[in-house]
Protein chains: 2
Amino acid sequence: MPDDKSPDGTEGARRKRLPSSERREEFIAKAVEFFAEEGFESSTRGLARRLGVTQPLLYRYFPSKDDLISEVYDAVYVGRWRPEFERLIADRSRPLEDRLNAFYGVYTEVIFNREWMRIYLFSGLKGVDINRRYMGLVRRRILEPIVAEARAEEGLPERPATDAEIEFAWVMHGGIFYYGVRDLIYESAVSADKTEVIGDAVAALLFGLRRRFGMEDRKAPGGPGRGPACG
Amino acid sequence: MPDDKSPDGTEGARRKRLPSSERREEFIAKAVEFFAEEGFESSTRGLARRLGVTQPLLYRYFPSKDDLISEVYDAVYVGRWRPEFERLIADRSRPLEDRLNAFYGVYTEVIFNREWMRIYLFSGLKGVDINRRYMGLVRRRILEPIVAEARAEEGLPERPATDAEIEFAWVMHGGIFYYGVRDLIYESAVSADKTEVIGDAVAALLFGLRRRFGMEDRKAPGGPGRGPACG
DNA sequence: GGATTAATTTTTCACTCGATAAATAACGCC
DNA sequence: GGCGTTATTTATCGAGTGAAAAATTAATCC
């Protein structure tokens, strides 16, 4: 007997043909859904079933399961990054607190999404390097700018962020991320509203950074303007 | 041909027998290691290989793979909880900031551990309910006490923590947790030292809670002493 | 409308999975 | 030292896995 049922489920209704590029897009989009929900260990047959298509067809478009998974990573990590993230943080026409609230508002619009979060966590556990690269992106494009803007708003001289500053920014950033995890992955009732939670976190972030500046800018009042990275 | 090699790998060295209870313990301990590293989808044959034992032997001790996995959960979630967690937070002979630094010092000794973190994340993605129960435990035994202690130290009247307060405490707690994730799962260089990071986070946590108290204790100066939970 | 091209399915392979049943061999007891 | 108990292994089943090869069928072109 055939090892997969009629792709559509309903007998007789033969699948419409699609041009190669469209089909590919469709496959990737559904693969994001599918692997996000079921994990990357789930079978290509399961994905094909959800697509209403036979399993070997996948291999016409992707040489292997791993290649398909790479496309999934790209669609999520690269495809959903928005250039306005960086602009929002750096826009000095508004107070930093406003900017950060605005930034985390739109950033969480992207990442507070079941697909995004689950792909992120699954891929992190797999140890694929795109994950490490994404964290590098967050550090360079989000956290370092935030620290720099906070220094600027305090009237402190420019200088590369210290490890302790970045680490603290990571804790707050991770706290906001984890808020999404609780909501979307653990589905534990997250009752307070997002704007308020972000507002509290942003206030604490700025408080913590100013506190750090106060602790570290004593010994170097003028500071080595553009000294080598600390640590 | 036999479907598993000689369990030990090295030929001839027949496996020593162990009494039932000892063997069981050994299996669970190694299963924690194994599934933490490879994920719960990994094969019982892989685990057996690592144990130097044949795969069907596992089924002498656990009726199914899922039952073994449940034992793994118990060993990690229940077995590593330390009663001193709650005592440290509630010990009013010291300032709260000290207590929280001490608490997060020992708490992170337990959870900043590759096994613990990976089991936690894997099980969270699987959606097993022990995960939700653990988060309930954290809320009741850690976060609510922290908020209560913060109120007490401010001289405010006792009352159940509001959702916004708990949510903020979760963000800080999650930020610390995520610090461990970055270190142990994503293995992104975490350079600053743990004590300092915790110190910064604790300071920000207390700042944020006091800020919240100031925002919410205006309209209810005496407050409904033991009113129903907010929200 | 028949030939060409390319999208899709059918069939199949070699292997892995969780689990069961039966055979074997190490240990304790007397 | 033989015997019974039971820990452990051997062998096997049926279902599912990623992948390749070949057969089929829908769309396109002239």
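A, B, ... follow the sequence lines: proteins, then strands. Residue 1 opens every chain.
Between the side chain of A/Arg45 and the base of D/dG18 there is at least one donor-acceptor pair of N/O atoms closer than 3.5 Å.
With C/dG18, C/dA7, D/dT8 as the choices, the nucleotide that has an atom nearest any side-chain atom of A/Arg60 turns out to be C/dA7. The side chain of B/Pro56 sits closest to D/dT10 out of C/dT9, D/dT10, D/dT8. Counting only heavy atoms from C-beta on, A/Thr54 has its side chain closest to C/dT9 among C/dG18, C/dT9, D/dA11. For B/Tyr59, taking side-chain heavy atoms from C-beta onward, the closest of the listed nucleotides D/dT9, C/dA19, C/dT12 is C/dA19.
For B/Asp66 and A/Phe27, each mapped to the nucleotide of DNA chain C holding its nearest heavy atom, the one lying further toward the 5' end belongs to A/Phe27. If you find the closest nucleotide of DNA chain D to A/Thr44 and to B/Leu58, the one lying nearer the 5' end belongs to B/Leu58.
Between B/Arg23 and D/dT8 there is a side-chain polar atom (N or O) within less than 4.0 angstrom of OP1 or OP2. Distances shown here put every side-chain N or O of A/Tyr61 at or beyond 4.0 Å from the OP1 or OP2 atom of C/dA7. At the phosphate of D/dG16, neither OP1 nor OP2 sits under 4.0 Å from any side-chain N or O atom of A/Ser43.
Ring geometry for A/Tyr179 versus A/Phe112: interplanar angle of 30 to 60°, hence tilted.
Although no hydrogens or angles enter the test, the distance criterion places a donor-acceptor pair under 3.5 Å between the side chain of A/Asn101 and the main chain of A/Glu97.
Remark: B/Glu37 CD is packed, more than 12 non-hydrogen atoms of other residues, nucleotides or ligands lying under 6.0 Å away.
Applying ring pair (Phe, Tyr, Trp, His ring centres under 6.0 Å) to A/Tyr73 and the options A/Phe35, A/Tyr134, A/Phe40 leaves one that passes, A/Phe40.
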